[in-house]
Every structure is written in C-alpha cells, then in structure tokens.
Amino acid sequence: MVSGETTAYVPQVIEPKWQAIWEERRQYAASERSDKQKFYLLEMLPYPSGDLHVGHARNYTLGDVVARFQRMRGYNVLHPMGWDAFGLPAEVAAIARGLHPREWTDANIANMRSQIRKLGTSYDWSREINSSAPEYYRWTQWLFLLMHRKGLAYKAQAWLNWCPLEQTILANEQAEGGVCWRCGSVVERRLLNQWFLKITDYADKLLEGLDALDEWPERVKTMQRNWIGRSAGVACSFPVEGLDANIEVFTTRIDTIFGVTYLALAPEHPLVERLVDGSAQAAPVRAFVSALKDKSELERASLRKEGVFTGRLARNPFGGQPVPIWITNYVLVEYGTGAVMGVPAHDERDFEFARDAALPMKPVIVPASGDANTSPAPVSRKGLPETAFCDDGILTNSGAFSGMSSAQAREAMRSKLEQLGAGRSSVKYKLRDWLVSRERYWGAPIPMVLCPNDGYVPVPEEQLPVLLPDQAPISGTQGSPLAHVPEFMHTTCPKCGGPATREAETLDTFMCSSWYYLRYLSPRDDGVPWDLREAERWAPVDHYIGGIEHAVLHLMYARFFYKVLNEERLVPGDEPFMRLFNQGMVLGENHEKMSKSRGNTIAIDDAVATYGADALRLFEMFAGPPGSDFPWSTTGISGATRTLKRIWRLVLAHALDLAAGSSTVRANGKRLSAPEAALRHSVHTKIKKIGEEIAGRMHLNTCVADLMTLLNDIEAFVAASPQEPPDAAAAGASSPVLEEALETLLLLLAPFAPHITEELWQRTGHSRSIHEERWPAYDERWLKQDLVSIVIQVNGIRRGAIEMPHAADEESIFVAAATVPTVKAQLQGKQVRKRVYVKDRLLNIVVS
RNA sequence: GCCGAAGUGGCGGAACUGGCAGACGCACGCGACUCAAAAUCGCGCGAGGUCACCCCUCAUGUGGGUUCGAUUCCCACCUUCGGCACCA
C-alpha cells in the first residue's frame with residue numbers, strides 16, 4: 001500500500017494489527033543459529049499479582065527500546081519474559097476468595113501477559129516460563145539436591161524471623177530492619193528446625209565479585225557489601241573461674257583488651273545456665289532472660305541497655321585480672337560468638353551500658369600526639385570519661401604493649417594470644433545462612449524424605465518432580481498444608497525402601513528466581529535444566545533491568561547460585577548479570593507513590609486504549625531519565641500524541657517521493673544548499689547522539705528530545721523550501737536530503753514507537769519490517785558544519801556571538817569579534833590582558 | 001546518628017569531559033483558520049531595568065573559595081529523598 005493520501009492516525013487500529021503480524025511472523029524469536037554477536041537483555045521476572053500499571057509499562061518499554069535498538073544494530077538479541085508464579089499472595093487470595101492458588105495465578109498471568117503484549121513489547125514468547133509449572137519447579141528441586149550433594153543444604157534449629165501477619169518464617173534478607181519485606185509487620189523470633197543454604201560459605205566470593213561488577217550501580221554494591229558485613233578481628237577466650245569453661249568473644253579492637261571491665265553475654269548464650277545454676281544469681285538471671293525471650297530484634301534495639309550480673313568472674317588472658325560476667329540485652333546471639341568484651345572507655349555501646357550499670361571504665365588508648373583529628377574524651381568532675389574514645393591511638397596502661405599504636409598492638413596481641421592458645425584471627429559476617437524452607441502450600445516441595453532408619457534422604461533425581469498435590473488444606477495457621485495430605489506425605493525411603501515421610505515444607509520462591517535466567521536458554525528441555533551449549537552461547541545476562549528493592553534479595557541469591565553453578569561447570573563465568581540498571585518509579589500526578597491502596601493507579605490497558613501504546617511509550621521514555629522517578633501527566637502524554645500525529649502527517653505527505661526510491665541515489669555529488677547541509681548535519685548528529693545514549697548512559701529522555709528536534713528541523717526545512725509545483729505528486733520531486741531525513745527519523749524512532757514507524761515504513765514503500773532494518777550509520781563529514789557560531793565573552797560574560805568558518809584561527813576571530821558593537825563597547829578604553837580560545841566554541845577576552 | 005543521592009523557570013526536565021544556563025515537552029498568553037468549538041498552524045514565554053530598539057543587571061538551595069570562565073570542582077551550611085542503624 002503506497003499512497004500519498006493522508007489518512008488519520010488511529011493507534012487503536014494499527015497497533016493491534018502489527019502486534020498480530022509480528023506474532024505470526026515470530027519476528028522477535030532469538031535465533032538459535034546465528035553468527036551474530038549475542039545480546040541477552042532481561043527484565044526482572046514479575047510476580048503475577050494482577051494488574052499492571054503505567055509504572056510497569058515504563059520498565060518494560062525501557063527494556064524493549066534497548067532490545068529493538070540492539071537488534072537493529074545487528075545483535076542476536078535474547079529478550080524473554082516469564083512469571084515468578086509461586087508465592088504467598090496466591091494463598092492469601094485462596095483463603096480470602098476461595099480460589100485455588102493456581103486458578104488465581106493463571107488468571108493473573110493471562111491478564112498481565114495481554115497487558116504487556118498490548119505495549120508492543122518484542123519478547124520472545126516462545127520461551128515464556130512459569131515457575132509454578134512442574135516442568136519448571138522440577139529443576140528448582142534439582143538445584144536444591146545439587147546444593148545438598150555439595151553439602152550446602154542442611155537442616156538445623158535456629159532463631160528465625162516469623163511474620164505474625166503472613167504466618168510464615170522469613171530469611172534474614174526478607175526481614176531487613178526487623179520488618180517483613182512484603183507486609184511491613186514487625187517480625188518475631190522463633191526457634192525452629194528448618195532448611196538452610198550455606199550462602200555464608202560464599203561470603204568472601206560474593207564480596208570480591210562485586211569489585212569486578214563495574215557496570216552495577218555503586219549503591220547496590222554498597223548495600224550488598226553492608227549486608228555481607230565482613231569484619232576481620234580476633235576471637236579470644238576468657239577462662240571462667242571455678243568452672244571448666246571458656247567464654248569466647250569476637251572483637252575488632254583487641255588493642256583495647258586491657259580496658260575490659262566486664263564480659264557481656266547474649267541472653268541466649270549457651271553457657272548462661274551453667275554459669276548460674278545453683279547460685280543465688282540463678283533466679284534474677286533467669287527472670288531477665290525470660291523477659292527478653294519473646295522480644296523482637298527491633299524491640300530490643302529500642303530498649304535501654306540493661307543487664308544482670310551472673311556472680312561469675314572470668315580472667316583476662318592478658319594480665320589475668322578478674323572480669324565480672326554479665327548477661328545483657330544488647331548483645332546479639334546470632335552474631336559473632338554471642339559474647340563481647342566490655343570496654344566502656346572505647347566503645348559507644350559498652351560506654352552507655354557501663355555508665356548506667358555503674359561499672360568501672362578504664363581508658364587504655366590515648367590519641368596519638370600530632371593527630372589533629374582526634375582529641376581525648378572529655379572527663380567529668382568525678383574523673384570519669386564523658387564519652388567513649390573510639391578512634392585508634394596509642395596504648396597506655398596496657399603492660400608490655402603500652403606505647404604501641406593501635407595497629408601495632410592488634411598485630412602483637414594477636415600473635416601473643418596464638419602463643420598462649422587463647423585466641424586467633426577470625427573473620428565474621430553479618431550475612432547468615434539462607435533459610436529456604438517455608439511452611440506454606442504454594443511453592444516447590446522440598447525433595448527430601450525422612451526415613452526412621454536413614455534420616456533425611458534426598459529424592460533421586462529421576463523421581464523429580466516431587467509434585468505439589470492439587471489439594472491441601474490452606475488455612476494459613478496450621479503449619480505446613482502438605483503435612484495434612486497423607487497421600488503426599490506417605491512414601492518409601494529411596495535408600496532402604498521402608499516406609500518414610502516426605503518433607504512437608506516448600507521452597508522459598510527466591511530459589512525459583514535465582515536461576516530462571518538460565519531456564520530461558522532451553523525452556524522446553526526436559527532432560528536438563530539448561531543446555532550447556534546454550535549457556536555458553538548466551539550467559540551471562542548482558543543487561544539486567546529491575547527495581548532497587550532487590551538489591552540484597554534476589555540479586556544476592558542469584559549471584560550465590562551462579563557461583564555454585566560455576567564451580568559445577570554448569571555456567572560460564574561467575575557472575576550472572578554484567579550490567580544492572582535500576583529504573584525509577586512513575587508517581588501519581590500529585591507526586592505520590594502509585595499504588596492500589598491509594599487508588600491512583602493507571603492500568604496499562606486503559607492507557608493503551610486511550611492514548612495508544614506508542615504515545616504511552618514515547619511519553620514514558622521522554623518524561624525523565626529512566627533511573628529517576630517522574631509524575632504521571634495526562635497533558636504530558638498529549639504532547640507525545642501530538643508529536644506522533646505530526647510525524648504521521650509529515651511522512652505521509654512525502655510518501656510518494658519516498659516510495660519512488662530516490663534514496664538509493666541520494667549520496668550524489670551534487671553540492672547541497674545551505675538548508676540541505678544544515679538538515680543533513682542535524683540528521684547525522686542525531687544518529688550519533690541517540691545511538692550512543694541508548695548503548696551508554698541510557699538517558700532515553702534526551703533521545704526523544706533529539707527526535708523531536710529532528711522533527712522540528714525537518715518541518716522547518718519543508719516550510720522554507722520553495723513551493724513544490726502542482727504536479728509534485730510526481731515521484732522524486734523532493735530533495736534526497738529530505739528523504740534521508742524522513743527515513744532516518746522513522747528508523748531512529750522505531751525502538752520507541754514500534755507500531756507507527758512500522759506502518760509508515762510500509763506505507764512509504766518498504767517491504768521489510770522496519771524492525772529488521774539496520775540502525776543508520778552517521779557520516780563524520782556531516783557532524784561538522786562549515787560555519788560555526790563562536791561565543792564572544794569579555795571577562796567571562798557573554799557579549800555576543802559571531803559566525804566563522806570551521807577551524808578559523810584565533811587571531812581572525814579576535815579581529816572579527818572586536819568589531820561587534822556590544823563587544824567593542826566593553827573593550828573601550830580597556831587593556832586586553834589575555835585571550836582564552838576554545839576551538840569552534842568560544843573566545844574569552846580578558847581586559848583590565 | 002552513620003552512609004549515599006539530589007536541590008535548575010509555573011511544571012517534567014536539558015546542559016555527558018569547567019566554556020552561550022533553561023534544549024525538548026507541558027501549561028499559559030496572543031494571533032491565524034472556523035458561524036463556533038475541537039483539532040491544527042504561527043508568535044511569545046526565568047526575574048527586573050529600559051521598554052521604539054538594541055541592550056544592561058540579577059539568576060542553577062544558602063554562604064565562601066579555586067578559575068579568564070562554575071549548574072559542573074573544593075569547603076561549610078540548609079532542605080528533600082533513599083539506604084543502614086546495637087553486627088562488637
């Protein structure tokens with residue numbers, strides 16, 4: 001259909017039409033055989049919660065622009081989509097509405113898939129995955145068994161985070177700051193026997209790996225570093241008097257050990273009972289411990305620091321002074337050894353506690369003389385320090401170590417402790433092992449069997465998947481629903497063949513999402529989780545787009561998985577995501593967060609129906625840089641629509657010329673007119689800028705601005721051209737430069753507005769899809785202009801500008817500048833002291 | 001409290017390495033077209049002075065500094081938003 005007729009731009013007609021055609025052609029499938037370079041582009045796997053709003057549309061459009069751009073640049077692009085389909089909200093919905101979790105989940109997926117398609121996204125839908133399908137979770141279970149085989153999965157009793165609202169246990173990462181990551185409830189502490197993955201074995205690798213991720217945002221790396229929380233120090237033993245026991249403490253400040261005036265133990269420290277059993281202190285200590293038992297981490301943190309004396313003394317390994325042992329509310333059992341040496345003179349927390357408990361303080365560090373940054377702690381009238389001095393300094397009152405610097409003393413004391421057999425170097429992490437079992441229904445069953453004879457036995461691989469039974473009583477309050485399904489629970493031991501029971505818990509859904517990017521590589525393979533050759537071809541992900549909320553959740557778990565898989569030689573390299581991009585949010589029109597509860601969400605369907613996908617996409621890319629938030633704006637999107645309508649009319653007005661194919665002869669030697677040269681300059685600078693921006697910094701808002709500028713330039717060129725003769729419909733009547741500009745405009749716009757550009761490309765006589773065309777190349781010659789505008793400053797203030805030939809010499813610019821009246825006026829009666837010239841840009845004349 | 005990011009017209013934002021501050025768009029005003037409206041097109045649009053014109057002064061959170069020249073670099077402060085918060 002080649003026609004000069006100006007039909008109306010109706011996105012509601014052309015968008016569904018092209019979406020159907022692309023789908024029919026399977027146009028966006030990644031090719032399995034290709035000598036093109038690969039590009040693996042991925043957006044974080046969405047949870048199928050129901051409706052998508054324009055904030056999600058922004059995220060998917062961002063990825064789609066990059067995918068389409070990279071295809072045009074000649075890459076073999078893998079751009080898949082799938083569903084993180086297991087998870088608690090499905091169970092909540094099941095309880096609330098009487099729907100089966102699968103029903104609820106599948107309905108949401110169908111709805112969201114249709115919404116995402118309506119945006120015109122170029123996913124390879126043939127690779128779609130669903131983590132709740134047995135064909136998928138079979139491999140999640142397989143990976144659990146792999147971890148188990150490597151000794152990385154174990155069951156143990158530990159203090160865990162319990163969300164009282166959701167009635168579930170949470171991994172530490174999922175209870176950051178003492179609150180549930182999903183619902184925000186303050187978590188409680190429970191002592192439970194559960195499955196863990198030994199992510200702590202990989203703490204150093206996870207930490208070191210961050211250094212190589214130079215295309216990750218610094219803040220994400222900082223958050224992971226803080227979460228891992230590596231701390232190098234010394235573990236040091238204090239023998240308990242009158243008891244055959246030692247109390248081991250961990251400290252990074254062994255140099256302050258002569259300042260120890262007490263030992264502080266966590267209430268849950270295993271030695272507490274032995275210390276007080278049979279003594280008069282037993283009653284008060286037990287009362288103190290039981291009062292704290294149910295207090296959450298968050299509650300404890302807000303308490304005034306308190307403690308109770310055990311009546312026991314320990315001996316300082318240096319010098320042998322007796323040290324009272326206290327039970328306190330500020331020492332965490334989970335970290336280090338659950339016991340600390342109290343040095344009130346040099347630690348804020350110990351100071352706070354000791355001041356209130358009236359325990360002595362013994363300063364043993366003084367600021368190094370000449371260190372201007374530190375000063376000794378002020379001393380009160382009673383001679384007690386008023387604050388703790390926590391910096392490094394010079395040791396005093398420290399026996400043979402007095403006079404050493406803190407750093408020297410740490411080294412000397414460590415080696416002395418080693419000689420005495422009372423201590424050694426030690427590294428501790430804030431990171432704890434990943435709790436992966438959940439007493440919930442809607443997840444992958446843990447593939448383990450408990451046999452009375454053989455203990456826990458892994459389900460043999462060939463028996464996978466351990467199918468989730470269709471029906472189980474989901475109450476949310478009675479422990480694992482699977483435990484109430486006898487036909488699921490009763491099984492035989494894979495080892496001895498005797499009767500045994502299955503593990504009733506399911507796996508944390510973060511396990512499903514820790515490896516999904518590999519399943520996309522061979523999504524229908526039922527012999528392996530992924531084909532090794534496919535992994536060699538595609539992994540790692542080149543460009544990963546997702547929200548900052550997963551900085552230490554999904555992103556750290558996935559890195560952990562990948563490192564384990566790398567050891568097994570199942571993946572190339574040891575980091576899964578080379579470049580990470582965190583997109584910003586779309587806020588409500590009044591700058592508030594867009595959320596269902598506020599009722600200010602704008603659904604993708606509605607926005608597409610009203611404005612069209614292309615206008616929605618263009619506006620969302622234009623409204624601000626993709627890493628920042630911006631407010632939704634109904635008038636703003638009308639600007640995008642206007643732009644698209646202008647392009648529609650402009651291109652159709654020249655459709656016949658374009659269809660005549662004069663573009664093939666456009667690179668003729670004919671000398672261009674000044675307006676033609678200016679237009680071509682504009683075209684080629686836009687090609688360069690937009691391409692570099694998408695591949696680099698990704699400030700796509702400036703790309704859209706550049707496209708609008710190009711449109712303005714073309715329109716101005718057309719308006720300034722002599723009226724075409726009445727028979728202008730004759731093909732080839734317009735300037736080749738204009739035709740090049742129009743085609744380039746469409747090509748550059750194609751990743752942003754795929755439907756309108758496809759329609760116009762076809763209407764201007766092209767048979768191939770615009771999305772299969774090559775990204776235009778720019779010509780260096782046209783980036784330069786013959787005449788350049790040079791700003792003239794006097795003493796750094798702009799006083800005019802002159803047009804000069806490109807690369808003119810400074811002297812002639814100065815001479816020309818001096819004749820500009822406003823410059824001349826400023827130079828009047830002054831002495832020129834200096835000239836600063838920036839080539840082709842600016843001349844600053846400095847006068848006295 | 002600690003760490004990080006950011007403060008630019010009425011609004012969203014641009015200026016990527018120190019070189020014309022406010023690109024591009026929205027809103028608004030005036031005009032054209034129209035019986036009229038919508039749509040569309042043209043012009044204007046930081047503040048103040050002068051206002052016929054050119055032009056001048058001020059202006060990128062505040063105050064200093066470096067520089068011929070600072071939205072950009074340095075110091076201090078204010079505000080906002082994130083993250084962490086007894087991790088010994």
Side-chain angles (χ1 to χ4, degrees), chain A residues 8 176-178 217-220 222-223 226-227 229-231 233 249-253 256 264 297-298 300-303 305 328-332 334-343 346-350 352-353 390 428-432 548-549 551-552 587 589 591 618-619 622-625 627-640 642-643 645-646 649 689 692-693 696-697 699 701-712 715 719 789-801 821-822 825 833-839 841-847:
Chain A
E176 254 188 280
E218 209 50 53
R219 65 175 171 156
V220 173
T222 303
M223 284 162 80
N226 291 343
W227 188 258
R230 185 181 198 274
S231 183
V249 301
F250 172 74
T251 179
T252 55
R253 291 300 304 275
T256 65
E297 204 175 310
L298 209 63
R300 288 193 194 190
S302 64
L303 296 173
K305 291 183 176 42
T328 65
N329 63 0
Y330 75 96
V331 175
L332 306 174
E334 301 94 338
Y335 182 77
T337 59
V340 303
M341 58 184 215
V343 188
H346 304 295
D347 181 278
E348 295 279 1
R349 299 150 300 186
D350 296 345
E352 233 183 277
F353 172 72
C390 302
K428 299 289 181 191
Y429 301 89
K430 188 180 126 165
L431 180 71
R432 297 180 209 152
I548 185 72
E549 66 272 17
V552 289
L587 307 171
E589 225 155 346
H591 294 74
L618 198 67
F619 167 68
F622 178 61
S628 316
D629 298 348
F630 69 78
W632 178 254
S633 163
T634 43
T635 54
I637 197 168
S638 70
R642 263 201 285 275
T643 299
K645 284 182 177 172
R646 278 166 65 197
R649 284 194 304 268
K689 280 174 72 179
E692 287 175 353
E693 196 65 73
R697 191 176 63 152
H699 283 194
N701 54 325
T702 66
C703 299
V704 179
D706 282 334
L707 287 166
M708 290 172 170
T709 307
L710 179 57
L711 173 61
N712 291 343
E715 285 184 340
S789 172
I790 293 174
V791 168
I792 310 302
Q793 294 183 339
V794 179
N795 286 349
I797 301 167
R798 185 187 197 274
R799 296 298 175 188
T822 48
R833 297 164 60 94
K834 189 176 174 183
R835 297 198 307 234
V836 181
Y837 175 57
V838 183
K839 187 173 175 243
R841 302 193 79 149
L842 169 141
L843 178 69
N844 186 14
I845 303 164
V846 184
V847 297

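Just so you know, these numbers come straight off a predicted model, no measurement behind them.
- Contact annotation for A:D347: no contact, since no heavy-atom pair falls under 4.0 Å across all strands.
- With sequence neighbours excluded, no residue forms a side chain to side chain donor-acceptor pair (under 3.5 Å) with A:N701.
- Among the heavy atoms of the strands lying under 4.0 Å from A:T822 are primed sugar atoms or P, OP1, OP2 only; no base atom is included.
- With sequence neighbours left out, the side chain to side chain donor-acceptor pair (under 3.5 Å) criterion links A:S633 to A:T635.
- Taking the ring pair (Phe, Tyr, Trp, His ring centres under 6.0 Å) definition, one finds that A:F353 meets it with A:Y262, A:W326, A:Y330, sequence neighbours left out.
- Paired runs in RNA chain B that reach 3 or more consecutive Watson-Crick or G-U pairs, where each pair keeps both distances under 3.5 Å, cover B:1-7 with B:78-84, B:10-12 with B:24-26, B:28-32 with B:40-44, B:46-49 with B:55-58, B:61-65 with B:73-77.
- Among the atoms of the strands shown, only primed sugar atoms or phosphate atoms (P, OP1, OP2) are found under 4.0 Å from some heavy atom of A:P625.
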Pairwise N/O distances under 3.5 Å, protein to nucleotides 4-12 of chain B:
from, atom 1, to, atom 2, distance (Å)
B:G12, O2', A:A623, O, 2.5

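- Taking only side-chain nitrogens and oxygens, A:R799 comes nearer than 4.0 Å to OP1 or OP2 of B:U57.
- As rounded to the nearest Å, B:C56 and B:A15 have C1' atoms that lie 25 Å from one another.
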N/O-N/O pairs, protein side and nucleotides 37-39 of chain B side, under 3.5 Å:
none

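- Taking for each of A:E352 and A:V704 the nucleotide of RNA chain B with the nearest heavy atom, the 5'-most of the two is the partner of A:V704.
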